[in-house]
Amino acid sequence: MTTIQSFKVMKKIIYLFTFIIAFANCKEGGEHHRSESDSDSEYALNQTDEKAEFSIVIHGGAGTILKKNMTPEREAAYKQKLEEAIRVGYEVLKNGGTSLDAVTKTINVMEDSPLFNAGKGAVFTNAETNELDASIMDGKTLNAGASAGTTNVRNPIDLARAVMDNSPHVMMAGSGAETFAKEQGLPIVDPSYFHTDRRLNSVRNAKEKEKIELDHDDKSAFYDEDIQNYKYGTVGCAALDKNGNLAAGTSTGGMTNKRWGRIGDAPIIGAGTYANNATCAVSSTGWGEYFIRGMVAYDISALMEYKGLSLQEASKEVIQNKLTKLGGTGGIVAVDHNGNVAMEFNTSGMYRATMNDKGKLTIGIYKE
Ligand code: ASP
């Protein structure tokens with residue numbers, strides 16, 4: 001063999017060797033990938049093992065809710081109403097009803113209570129009127145309905161539901177939405193129905209404070225913590241029913257002292273409300289502008305869908321990291337497709353309650 005010939009043979013051996021190594025690596029990579037998906041399915045298995053038959057969670061708003069500012073009577077009243085509301089949804093689910101019905105009926109109880117910033121008890125606008133927003137989403141079909149800025153529809157969540165069920169649209173606003181509500185036979189009230197002295201005082205205080213602040217340092221009252229905290233009390237619910245269908249809904253009077261037809265996150269699908277049977281159902285509460293910019297409810301679902309995070313991980317990431325970095329305050333309640341529940345907030349409190357399929361009730365107000 002000449003030197004040239006043996007050089008060629010050597011070269012062939014090197015090529016062959018390189019090819020074998022490359023092939024082995026490739027196989028290893030494949031195996032690695034498989035083991036990754038194995039652990040995914042292991043995770044899914046764990047979740048499936050714990051799958052609840054049904055599940056429900058509610059909120060009654062997040063904010064600077066401190067024990068020192070609360071009387072025992074007031075605390076008891078909130079807890080009693082939260083329990084009354086969640087038991088209504090629990091019964092619907094226990095009897096095989098849909099998550100959509102559980103969400104609607106549970107929210108109705110809170111809308112009818114003056115304690116919460118939704119329905120009766122809604123906050124006032126700068127013009128001292130009440131403009132209400134609501135939305136609902138069906139995780140099975142990804143259908144959704146929403147209404148914004150209505151002034152005479154007693155239960156805005158019913159209007160959102162009617163928009164979803166009985167119209168080709170997803171969102172209606174103002175007088176058009178009110179006409180639709182009337183046509184649907186929903187209860188219409190005089191706008192004075194929504195007036196409560198407590199909320200009227202809040203908006204007057206907010207306006208007074210805003211005037212003083214604008215006079216003195218030109219700082220927008222929007223950034224004043226006291227004023228922000230007048231707004232809280234939005235209500236929301238997320239549920240999983242026995243058929244594995246998820247739903248979420250949110251209803252609110254928005255932010256105290258809002259003007260210019262301001263609309264918050266509550267009626268925005270993806271921000272205030274989102275539901276998808278493949279992932280979770282979410283209802284938000286807090287400083288709406290930030291929840292819109294962060295697409296908070298959808299972001300939680302997206303992290304589960306695209307990154308494989310659990311509901312807990314996704315909720316924590318969105319509320320404690322992303323929303324907080326953005327400067328937003330508030331929280332969410334959510335249920336995943338296995339009935340796991342999340343109640344995540346970055347404020348000092350969030351009115352909240354959850355019930356599992358065994359009837360175990362948990363109620364919370366402050367950060368525990
Ligand atoms: N998110 C609501 C809004 O900005 C207010 C709240 O949740 O308290 O309209």
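For ligands, and for the atoms within them, numbers begin at 1 and follow the listed sequence. In this chain, residues are counted from 1 in sequence order.
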Closest to [atom] among [options] (heavy-atom distance):
atom: atom 4 (O) of ligand 1; options: Met255, Arg262, Met350; value: Arg262
atom: atom 2 (C) of ligand 1; options: Ala271, Gly254, Gly286, Gly288; value: Gly286
atom: atom 3 (C) of ligand 1; options: Asp265, Ile268, Thr252; value: Asp265

Can you find an N/O atom of [X] closer than 3.5 Å to an N/O atom of ligand 1?
X: Gly264; answer: no
X: Thr234; answer: yes
X: Thr285; answer: yes

Can the positive tip of Lys94 be found less than 6.0 Å from the middle of the six-membered ring of Phe54, inside 45° of the ring normal?
->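 That pair does not qualify as a cation-pi contact.
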Does the cation-pi check pass for Arg87 over Tyr90, that is, NZ or CZ under 6.0 Å from the six-membered ring centre and within 45° of its axis?
->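 Because its charged atom misses either the 6.0 Å distance or the 45° angle limit, Arg87 does not stack over Tyr90.
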Gap separating the CG atom of Asp241 from the CG atom of Asn95, nearest 0.5 angstrom =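 Here the interatomic distance stands at 12.5 Å.
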Do the side-chain N and O atoms of Ser301 and Asn276 include a donor-acceptor pair separated by under 3.5 angstrom?
->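 Result is no, nothing qualifies.
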Using a distance-only test with no angle check, is there a side-chain donor-acceptor pair under 3.5 angstrom linking Thr125 and Glu131?
->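 No donor-acceptor contact under 3.5 Å links the two side chains.
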Report yes or no: does Asn143 contribute a side-chain atom to a donor-acceptor pair with the main-chain N or O of Asp138 at less than 3.5 Å?
->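 No.
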Counting heavy atoms only, which part of Glu131 comes closer than 4.0 Å to ligand 1: side chain, backbone, both or neither?
->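 The answer is neither.
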Is ligand 1 less than 4.0 angstrom away from at least one heavy atom of Ala266?
->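 Contact absent.
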